[in-house]
Protein chains: 2
Amino acid sequence: MTQDIHAVMQRAKAAANIYRQAEPEAIAKFLETIADEIEAIGPDLITTAMAESNLPEGRLTGERGRTCGQLRLFAQYVRGGSWADAVIDTAMPERQPFPRADIRRMTRPLGPIVVFGASNFPLAFSTAGGDTASALAAGCPVVIKGHPAHPKTSELVFGAMEKAAKACDMPDGVVQHVGGSAFSIGQALVQDPITQGVGFTGSFTGGQALVKYAQEREQPIPVFAEMGSVNPVLFLPDTLTQNGAQLAAQYAGSITLGVGQFCTNPGLMLAIEGAELDTFVEALGAELSQKAADKMLHEGIHSNYQKKLGDILQEKGVTTVHEPVEDVAVLEAPPALATVQAADFLENPKLHEEIFGPFALLVKCEDIDQLLAVWKAVGGQLTTTIMGTAKDLDDYDQLLPVAEEIAGRVIFNGVPTGVEVGHAMIHGGPWPATTDSRYTSVGTSAIRRWLRPVCYQDCPDHLLPAALRNGNPLGLWRKVNGEWTKRGW
Amino acid sequence: MTQDIHAVMQRAKAAANIYRQAEPEAIAKFLETIADEIEAIGPDLITTAMAESNLPEGRLTGERGRTCGQLRLFAQYVRGGSWADAVIDTAMPERQPFPRADIRRMTRPLGPIVVFGASNFPLAFSTAGGDTASALAAGCPVVIKGHPAHPKTSELVFGAMEKAAKACDMPDGVVQHVGGSAFSIGQALVQDPITQGVGFTGSFTGGQALVKYAQEREQPIPVFAEMGSVNPVLFLPDTLTQNGAQLAAQYAGSITLGVGQFCTNPGLMLAIEGAELDTFVEALGAELSQKAADKMLHEGIHSNYQKKLGDILQEKGVTTVHEPVEDVAVLEAPPALATVQAADFLENPKLHEEIFGPFALLVKCEDIDQLLAVWKAVGGQLTTTIMGTAKDLDDYDQLLPVAEEIAGRVIFNGVPTGVEVGHAMIHGGPWPATTDSRYTSVGTSAIRRWLRPVCYQDCPDHLLPAALRNGNPLGLWRKVNGEWTKRGW
């Protein structure tokens, strides 16, 4: 098997030698054609994904739109060229005591990348999802390890990618697909000497395993593992007083969206004790009791949810607010809500762990200092959210420095679920949310994970990549002698 | 001892909480004051460094200039604000099917950084060198592990840093200095849970050890280790014919510069066999024989050079061109040159290793294909150099893709020694040259190693960091809705 994987990686390497020279326009066209071909699969893709994931039609249709939109956004981004990070320091032959050479740099692709499909986004974070789109945009061939929870969906999408590769005359092996559920497949992919980077979205355990595999390699490679978080939400006193009922409805929606199977699910809520908090907790429980129990993605996730939920509700000081329904159909996950006093929370690390599903734990704090202590205790997060009126934000002006330090994204008066695919988005954060807080896995900046800079010193103009030539034939924004400009000379 | 180190890191953490909020102007002023205070030490710094490193006065005076220039360049860069990588996607409340939130991001400091001083640049890559300057510029406190080869120099420079910190009202612990030569000190620094990143320049063995220490941590942290390379130089046929004598003089200078103790020293030369090559080898040998044997940095480096040089000259197929002088004074390192046939080189990995000192191995290749094979065989490099006339570059047009893949910097018709501290410089490269090819340790971009992006969603304008406010009070270049602009609104 390891031998088969090595053959796969050798094809990827052969493809890399050609694909790294592809013009931005050719890469952009390839990404757009993948989007077109995914859409051309038609309703079959949605019904297949529905059967394999238990997700509803509307959600999967939206997710297909996001997947194709993401591919087209990267196409546009590749054409724009800002990924090149073109920087030029021109020669200063007269400088004393030594002349300065002409020095220019831009980014070049890392090489073959391995992407692990995620089960909770069978389209947008899987086969042709964000990791794949960003790596292809960077000029790297991709070997996709399809997620065993949706093999047919993965094969359908990969078929569309193969068609696109052929239509765009891309090198053989620019995209490849590996199925199977044995851990040894993932290990062989990560440890193959040809592999130059790894993208993963999933559990902490899964991410840690990939990091460990990578550490056993001779050559270290970047492993970008996004491992989820509890996404703490602060509810400040004045907004609870002013907007309690509305917040309860909004957050009941966020907790149960996608059966709680989002890495940005609000699993932890923090607030200062008071009458307005009691009212809010009651309202939130009532809202959750109106939500139907939906089916989870697969048996592993479902049994994990049931087990962890059952356990946490037994922990010292944890009070169940909304009882999960006892008689549920196969795979169904009832929403649940519990509260705990901050003192109990702080001394029990089990309560800090993510429970993947439609559950939230609300921590009641005596005062703002205790709330800050709880907030800091839970470790690195993808997001943290501050719910507060203007008065709240005036009253508690010490929050932002803490928020910045624990999370990759700080949200004001919104919900953490729903990650915009744009230029400014950061979907990442300090460990254990991810393995490298310096990168994002969503948005155009996700391309940076798969690029390295190369510097050209006194290179004849006609040999330089177009992005760095004097005339600026691609019309890029470039930093020339420290200033941004589109001018050439 | 581990306990002492933890106390050091706790002070760094306390400093981080304050220093991360410092205004760019305050950080810039701090960096400039460090430069001023280093200069204020006067001749004492140079004589101390001379005594501890055996480097000559002129070199150390130049290195002091580089060190202070580097600090001032970072000061200017911090004021300019492009390190912030400010990106703004404004709200689209009317967008269908979902509105878009206002999303903005910029970089924030990682936290306390540990920097290991390097022996071969007692000023520019040591206590207040590039790693320290870039980490302080990023808003991170620095704990410096002084190199045991130049403890007095390190203390002198650190004294200047402390004075600057006091004069600029910086928090206690913003810079700290740890001496000693036990490996356990480095291990404790890297493994302390407070440490958020590591900068190192030195040997492959040293860099690998730090990576291993870091891998044993619970939280993974970035370790940027720059571990040197053999910096292959290609001499193409026409330039050897046209410029042989001049090239011999130029490269004899580069090989022996700083007694060969540069990570960019040209340790490997590649050329195609022919009469012009024989003439060049003879000329280069003659030039090297004119060079005096200078003293190396310390006994460890010297004995390593003697041992490795003695060994390699005994390897199969290796022919000594310039015999090292036998009777040398203590610590002196005679320059040396040897040749080997490509076939022998390719089958003997020992010949691929760096020999730190004034030695070069010239590999004679039968044709361009064999030369390409040798070039690809030596692994990741900081630099690679192509020496060729216009005719050469026309005749051999397949070189650049290979050069880009193996090295961080590709030089045309120059020498690899001498690394410009600028915006475009990349001093980094694929493993084993460094542990992460996506970063540089020289030039303003070195700051990126110590920054992580933070994203603000629907944050009230007055709470945002100045770099992200609507009015653009800092006047930065920002990417707004995908376009670079300095405009505010």
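Please read these numbers as outputs of a predicted model, since none were measured by experiment. All chains are named by letter (A, B, ...) in the order of the sequence lines, taking the proteins before the strands, and each is independently numbered beginning at 1.
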Checklist line | Steps toward side-chain hydrogen bond (donor to acceptor under 3.5 Å, both in side chains) verdict (B:Thr264, B:Asn231) | finding: CA-CA 6 Å; B:Thr264 54; B:Asn231 304 294; 5.5 Å; no
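For the pair A:Val198 and A:Pro222, the minimum side-chain heavy-atom distance is 4.5 Å or more. A 4.5 Å side-chain heavy-atom check between B:Thr385 and B:Pro416 finds at least one atom pair inside the cut-off. Between B:His423 and A:Ile88, every side-chain heavy-atom pair lies at or beyond the 4.5 Å cut-off. A heavy-atom distance below 4.5 Å is found between the side chains of B:Tyr77 and B:Ser82. In this structure the side chain of A:Thr384 never reaches within 4.5 angstrom of the side chain of A:Ile411, judged on heavy atoms. The side-chain heavy atoms of A:Ile113 and A:Thr195, taken from C-beta on, include no pair separated by under 4.5 Å.
No donor-acceptor contact under 3.5 angstrom links the side chains of A:Thr239 and A:Asp392, judged on distance only.
Only the side chain of A:Leu400 comes within contact range of chain B, judged by heavy atoms closer than 4.5 Å. Only the side chain of B:Pro465 comes within contact range of chain A, with at least one heavy atom under 4.5 Å from a heavy atom of that chain. When heavy atoms are compared at a cutoff of 4.5 Å, A:Ala407 approaches chain B solely by way of its backbone atoms N, CA, C and O. Contacts between B:Gln196 and chain A at a heavy-atom distance below 4.5 Å are absent for every atom of the residue. Looking at B:Ala403, neither its backbone nor its side chain comes within 4.5 Å of chain A, counting heavy atoms on both sides. Heavy-atom distances place the backbone of A:Arg104, and not its side chain, under 4.5 Å from chain B. Contact of B:Asn413 with chain A is not made at all, since no heavy-atom distance falls under 4.5 Å. With a 4.5 Å cut-off on non-hydrogen atoms, B:Asp85 touches chain A through its side chain but not through its backbone. Neither the backbone nor the side chain of B:Pro432 comes within less than 4.5 Å of any heavy atom in chain A. In this structure, the portions of B:Trp484 lying under 4.5 Å from any heavy atom of chain A include both its backbone and its side chain. In this structure, the portion of A:Arg20 lying under 4.5 Å from any heavy atom of chain B is its side chain and not its backbone. With a threshold of 4.5 angstrom between heavy atoms, B:Asp102 does not approach chain A through any atom at all. Heavy atoms closer than 4.5 Å to chain A are found nowhere in B:Phe98, neither backbone nor side chain.
Interface remark: of the candidates A:Thr444, A:Val454, A:Leu399, A:Val454 forms the most heavy-atom pairs closer than 4.5 Å to chain B. Your options are A:Arg95, A:Gln76, A:His462, and the one with the most heavy-atom pairs under 4.5 Å with chain B is A:Arg95. For the options A:Gly422, A:Gly65, A:Cys459, heavy-atom pairs under 4.5 Å to chain B are most numerous at A:Cys459. Comparing B:Glu405, B:Gln21, B:Arg100 by how many heavy-atom pairs each has under 4.5 Å with chain A, the most go to B:Glu405. Contact count versus chain B (heavy atoms, under 4.5 Å) is highest, among A:Asp458, A:Asn17, A:Asp397, A:Thr107, for A:Asp458. If you tally non-hydrogen atom pairs under 4.5 Å between each of A:Lys479, A:Met106, A:Arg108 and chain B, the highest count goes to A:Arg108. Looking only at heavy-atom pairs under 4.5 Å with chain B, the residue among A:Lys486, A:Lys212, A:Arg409, A:Glu404 that has the most is A:Glu404. Ranked by non-hydrogen atom pairs under 4.5 Å with chain A, the options B:Met425, B:Glu218, B:Gln208, B:Arg449 are led by B:Glu218. The candidate from B:Thr435, B:Leu110, B:Leu463, B:Asn481 with the greatest count of non-hydrogen atom pairs under 4.5 Å with chain A is B:Leu463.
Using a 4.0 Å cut-off between a side-chain N of Lys or Arg and a carboxylate O of Asp or Glu, B:Glu63 and B:Arg59 qualify as a salt bridge.
Not one N or O on the side chain of B:Asp89 forms a donor-acceptor pair closer than 3.5 Å with the backbone of B:Ile103. Side-chain atoms of B:Trp83 come within 3.5 Å of backbone N or O of B:Val78 as a donor-acceptor pair. Not one N or O on the side chain of A:Gln457 forms a donor-acceptor pair closer than 3.5 Å with the backbone of A:Cys455. A donor-acceptor pair is defined here as one N or O able to donate and one able to accept, closer than 3.5 Å; such a pair exists between the side chain of A:Arg217 and the backbone of A:Gln219.
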